[in-house]
Amino acid sequence: MEEEYTIDQAIAVISRAIDRKKSEIDDLEKRIKRLKREDRIAEMQELIDYLKADTTAYITVLADMTDDDSLLEGLDLDQENVVECPVKYDQYVSGLSADDLENELEADEIRAEYCDEVVEAMCYDIGEAALKSKKMVKFLLDDPYALEALGELIFYDDYLYDTFKALASESKDKGKDGKKKKKKKRD
């Protein structure tokens, strides 16, 4: 994130974006009633649907940031259809005031960064749990894709690769010591 935000600042930016989008949706829904041409009605409806989906996404982020699940009440979170960015979106963005455009960009940046952090935390937890589970480690050892992905991760991370080499060398040395001790015992 280019600019660092406190959690309170991030919540304020996201809240403002939600309120603004809800107001814009209301205005668009009033305007669509006056349109006559089907193609213009369809374009306007696409924009409304997109803004509604965008607002829902912001609300879910806000609910997570504030630990307030009540914000999710009444929202359709199980949308099966992905809402594509409408043709009119560029026109919509260019029609925003300078303050609203700044809010749009800040809110989008905060949402993206927050979602990235949530995914990173989830991946960390999953990775930790997987490596602590003997059954999961066995499954990973049997999966060529998982082995390749893990090997690639280690190979491209200097610290992990150096640690891996040191541990492999240490393991090899212990193996040699064990063979020498067995040989001495036989003699």
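Model, not experiment: these values are computed from the prediction. We number each residue from 1, following the sequence as shown.
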Side chain to side chain contact (heavy atoms under 4.5 Å, CB included) between Glu29 and Ile25, worked out: CA-CA 6 Å; Glu29 286 177 334; Ile25 291 167; 3.8 Å; yes

Are Asp108 and Arg111 close enough for a salt bridge, meaning some N to O gap below 4.0 Å? yes

Any Lys/Arg nitrogen of Lys138 or Asp142 sitting under 4.0 Å from an Asp/Glu carboxylate oxygen of the other?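 Result for this pair is yes, salt bridge flagged.
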
Does Ser133 reach the main-chain N or O of Ala130 with its side chain, forming a donor-acceptor pair under 3.5 Å?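 No.
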
Shared hydrophobic cluster for [X] and [Y] (ILVMFWY, side-chain gaps under 4.5 Å):
X	Y	answer
Leu75	Leu71	yes
Ile7	Ile110	yes
Met65	Val118	yes
Tyr50	Ile41	yes
Val87	Val83	no

If you measure from CZ on Arg40 to CG on Leu35, what distance do you get to the nearest 0.5 Å? 5.5 Å

Between atom CG of Leu47 and atom CG of Leu51, what is the distance when rounded to the nearest 0.5 Å?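 Going from CG on Leu47 over to CG on Leu51, the span is 4.5 Å.
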
Transitive ILVMFWY cluster of Tyr124, excluding itself - 4.5 Å side-chain cut-off: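 Tyr124 shares its hydrophobic cluster with no other residue.
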
If you link ILVMFWY side chains whenever their heavy atoms are less than 4.5 Å apart, which other residues fall into the same cluster as Tyr161? By chain and number, please.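 Hydrophobic cluster check, Tyr161: joined to Leu150, Leu153, Ile154, Phe155, Tyr156, Tyr159, Leu160, Phe164.
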
Side chains of Glu106 and Tyr5 in contact at under 4.5 Å (non-hydrogen atoms): yes

Do Leu28 and Arg31 touch side chain to side chain, with heavy atoms closer than 4.5 Å?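 They are in side-chain contact.
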
Donor-acceptor list for residues 8-21 side chains, cut-off 3.5 Å, not counting sequence neighbours:
residue, atom, partner, partner atom, Å
Gln9, OE1, Thr6, N, 2.8
Gln9, OE1, Thr6, OG1, 3.4
Ser15, OG, Ile11, O, 2.8
Arg16, NH2, Asp100, OD1, 3.1
Arg20, NE, Asn103, OD1, 3.2
Arg20, NH1, Glu24, OE1, 3.4
Arg20, NH1, Glu24, OE2, 3.2
Arg20, NH1, Tyr92, OH, 3.2
Arg20, NH1, Glu104, OE1, 3.3
Arg20, NH2, Asn103, OD1, 3.2
Arg20, NH2, Glu104, OE1, 2.5
Lys21, NZ, Asp54, OD2, 2.8
Lys21, NZ, Glu104, OE1, 3.0
Lys21, NZ, Glu104, OE2, 3.0

